[in-house]
Number of protein chains: 2
Amino acid sequence: MSKIETRDLVLKVAQEFVQTRGFNAFSFRDVAERVGIKTASIHYYFPTKAELGRALVAQHREHVGAALAAIDAEEHDPRRKLARYVYVFKSTLEVGNRMCLCGMLAADFSTLDQMIVDELRRSFEDHEAWLTRVLEAGMESGAFTLSRSAKDEARLLISSLEGAMLIARSFEDINRFEECVRSLLGRLIPVSGDQINQSHN
Amino acid sequence: MSKIETRDLVLKVAQEFVQTRGFNAFSFRDVAERVGIKTASIHYYFPTKAELGRALVAQHREHVGAALAAIDAEEHDPRRKLARYVYVFKSTLEVGNRMCLCGMLAADFSTLDQMIVDELRRSFEDHEAWLTRVLEAGMESGAFTLSRSAKDEARLLISSLEGAMLIARSFEDINRFEECVRSLLGRLIPVSGDQINQSHN
DNA sequence: GTCTATAAGATGATAGAC
DNA sequence: GTCTATCATCTTATAGAC
């Protein structure tokens, strides 16, 4: 087997460290030990830690792009698309209580090289563009009731999901995330006939 | 003047570093240089970095508690209380593009000593309790329209504000935060409601 | 491609002088 | 209280052997 796999393994392990510890709380040594190589070998693939970070976000953008394309291909109902989208975040929490890669890097923002920041922003914009399209389609079909522009709703949704992950993670309580999701989705989806009041408790 | 001030200055500088760089991306040396002392002096007040972190969150809880008490004392309208609360987050972004202390520590969660995590969770619970009371009062007075329990709304609001800060900060664009705030408050305030909306600039 | 060896500096922390 | 001096360890990164 070619050793090209090493590069992928380094990326995989590094991504897990970023998502659980943050970009500044893991070292080449941590990655090397988990991969079973020496730190010098990591530098062979990624000259600097910043380059590793950039590659990490670039790869992540590709993966997310493919995942969103798969959702588009498999689902037609905007509500189902949205549910699948939210599940991506939920499953990240489920596997090792990880934070979203981009959310974590957003926290590390001020310590990151510009090239990582650029890639990070593009990643957020990818999410925003996809979600905006889904919300617009849902608005036109009557699946969603938006009180603001689809773009604004998309941004709020992303922000809320990131924040919900961040806090639920710190409580090690995925229920906190799911509660937020229910509230978020409940506000978008018009109630067919009954309730929608404010006088319960 | 007693040198008790040094301790406060260390806390102030350390807090700024945590809010801008994260708990693992600043050192005793960074703090010492900014305060104008040596690292050994920091260890005199805070034996370990973990103890410094715990003191940071404990002090922050006190400050927030005082700020929320001041809002309660000065404002009666739940909508105005909420607006003042949101402004606390906004002003944090305005001063040096800082992240909320607790939000940043939530990102560093897995690398923090248990005593910091405990203090962090209590801090979130402080926010949650206060917000829940404000939302309940607003619900009873008709100032707010809630689609879920006040507690759930409070949690969603906190999560959304944290996420909105996180992302707006990574874009160095406070408008992104304000857009989210408008959407969040707009959803709580019934259309029939008069003023209070947003301080349109 | 992966290793050993090494550099040059940073890090949290401690002992003891003043 | 604050300092100097020092520690053991970690960190990113490079040079060169295999």
Side-chain angles (χ1 to χ4, degrees), chain A residues 1-18 20-57 59 104-105 108-117 119, chain B residues 1-18 20-57 59 104-105 108-117 119:
Chain A
M1 304 285 272
S2 160
K3 296 307 176 63
I4 296 176
E5 296 167 348
T6 300
R7 197 189 118 103
D8 292 336
L9 197 47
V10 167
L11 282 173
K12 184 188 169 195
V13 171
Q15 179 173 345
E16 183 179 334
F17 275 124
V18 172
T20 52
R21 305 175 58 86
F23 193 75
N24 299 297
F26 81 97
S27 66
F28 275 58
R29 196 186 180 187
D30 295 323
V31 176
E33 283 177 0
R34 278 270 282 276
V35 174
I37 55 177
K38 299 296 175 180
T39 63
S41 299
I42 301 178
H43 283 285
Y44 170 77
Y45 297 102
F46 309 100
T48 65
K49 194 179 182 184
E51 177 53 34
L52 171 60
R54 194 207 57 76
L56 226 41
V57 187
Q59 186 201 50
M104 187 63 95
L105 290 176
D108 297 324
F109 154 74
S110 74
T111 70
L112 303 177
D113 274 39
Q114 189 59 43
M115 64 182 178
I116 304 182
V117 172
E119 200 72 34
Chain B
M1 302 288 275
S2 159
K3 296 308 176 59
I4 295 175
E5 295 167 348
T6 299
R7 198 189 117 102
D8 292 336
L9 198 47
V10 166
L11 282 173
K12 184 188 169 194
V13 170
Q15 179 174 345
E16 183 180 333
F17 275 123
V18 172
T20 52
R21 304 176 58 87
F23 193 75
N24 299 298
F26 80 98
S27 67
F28 274 57
R29 196 186 180 189
D30 295 325
V31 176
E33 284 177 359
R34 278 270 281 275
V35 174
I37 55 177
K38 299 296 174 180
T39 62
S41 298
I42 301 178
H43 282 284
Y44 170 77
Y45 296 102
F46 308 100
T48 66
K49 195 179 182 185
E51 177 52 36
L52 171 59
R54 194 207 57 76
L56 226 41
V57 187
Q59 186 201 49
M104 185 63 94
L105 290 175
D108 297 325
F109 155 74
S110 75
T111 70
L112 303 177
D113 273 40
Q114 189 61 43
M115 63 180 178
I116 304 183
V117 172
E119 201 71 34

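Naming convention: chains lettered A, B, ... in sequence-line order (proteins, then strands); numbering from 1 in each chain. Hydrogens, waters and symmetry mates are skipped; everything else that's a heavy atom, side chains included, is used.
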Pair A:Val117, A:Gln114 - check side-chain contact (heavy atoms from CB on, under 4.5 Å), show working. CA-CA 5 Å; A:Val117 172; A:Gln114 189 59 43; 4.0 Å; yes
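For the pair A:Tyr45/A:Leu11, no side-chain contact is recorded, criterion being any heavy-atom separation below 4.5 Å from C-beta on.
For the pair B:Tyr44 and D:dT2, the criterion of a side-chain N or O lying under 4.0 Å from OP1 or OP2 is not met. Within the 4.0 Å cut-off from OP1 or OP2 of D:dT2, at least one side-chain nitrogen or oxygen of B:Thr6 is found. The shortest distance between the side-chain N/O atoms of B:Ser41 and the OP1/OP2 oxygens of D:dC3 is below 4.0 Å.
With sequence neighbours excluded, the residues that form a side-chain hydrogen bond (donor to acceptor under 3.5 Å, both in side chains) with A:Gln15 are A:Gln19. Looking at residues two or more places apart in sequence or on another chain, you find a side-chain hydrogen bond (donor to acceptor under 3.5 Å, both in side chains) between A:Thr111 and A:Asn24. In this view, B:Arg54 and B:Glu51 satisfy the salt bridge (Lys or Arg N to Asp or Glu O under 4.0 Å) rule, not counting sequence neighbours.
What separates CG of B:Asp8 from P of D:dG1 is a distance of 12 Å, to the nearest Å. The CD1-P distance, from B:Ile42 to C:dT11, rounds to 12 Å in whole Å. Following rounding to the nearest Å, A:Asn24 (CG) and C:dT11 (P) show an atom-to-atom distance of 11 Å.
Summarising the geometry, atom CG belonging to B:Leu56 is positioned 12.0 Å from atom CZ belonging to B:Phe17; distances are rounded to the nearest 0.5 Å.
Fit an axis to the five pairs at each end of the helix from C:dG1-D:dC18 to C:dC18-D:dG1 and the two axes sit 10° apart, to the nearest 10 degrees.
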For nucleotides 8-13 of chain D, 5' to 3', base contacts (B), sugar-phosphate-only contacts (S) and non-contacts (-) with protein non-hydrogen atoms under 4.0 Å give --SSSB
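Formation of a donor-acceptor pair under 3.5 Å by the B:Asp108 side chain with backbone atoms of B:Phe23 is found in this model.
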Side chains of residues 25-34 of chain B: which donor-acceptor partners sit under 3.5 Å, not counting sequence neighbours?
residue	atom	partner	partner atom	Å
B:Ser27	OG	B:Arg29	N	3.3
B:Ser27	OG	B:Asp30	N	3.1
B:Ser27	OG	B:Asp30	OD2	3.2
B:Asp30	OD2	B:Ser27	N	2.8
B:Arg34	NH2	B:Glu16	OE1	3.0
B:Arg34	NH2	B:Glu16	OE2	2.8

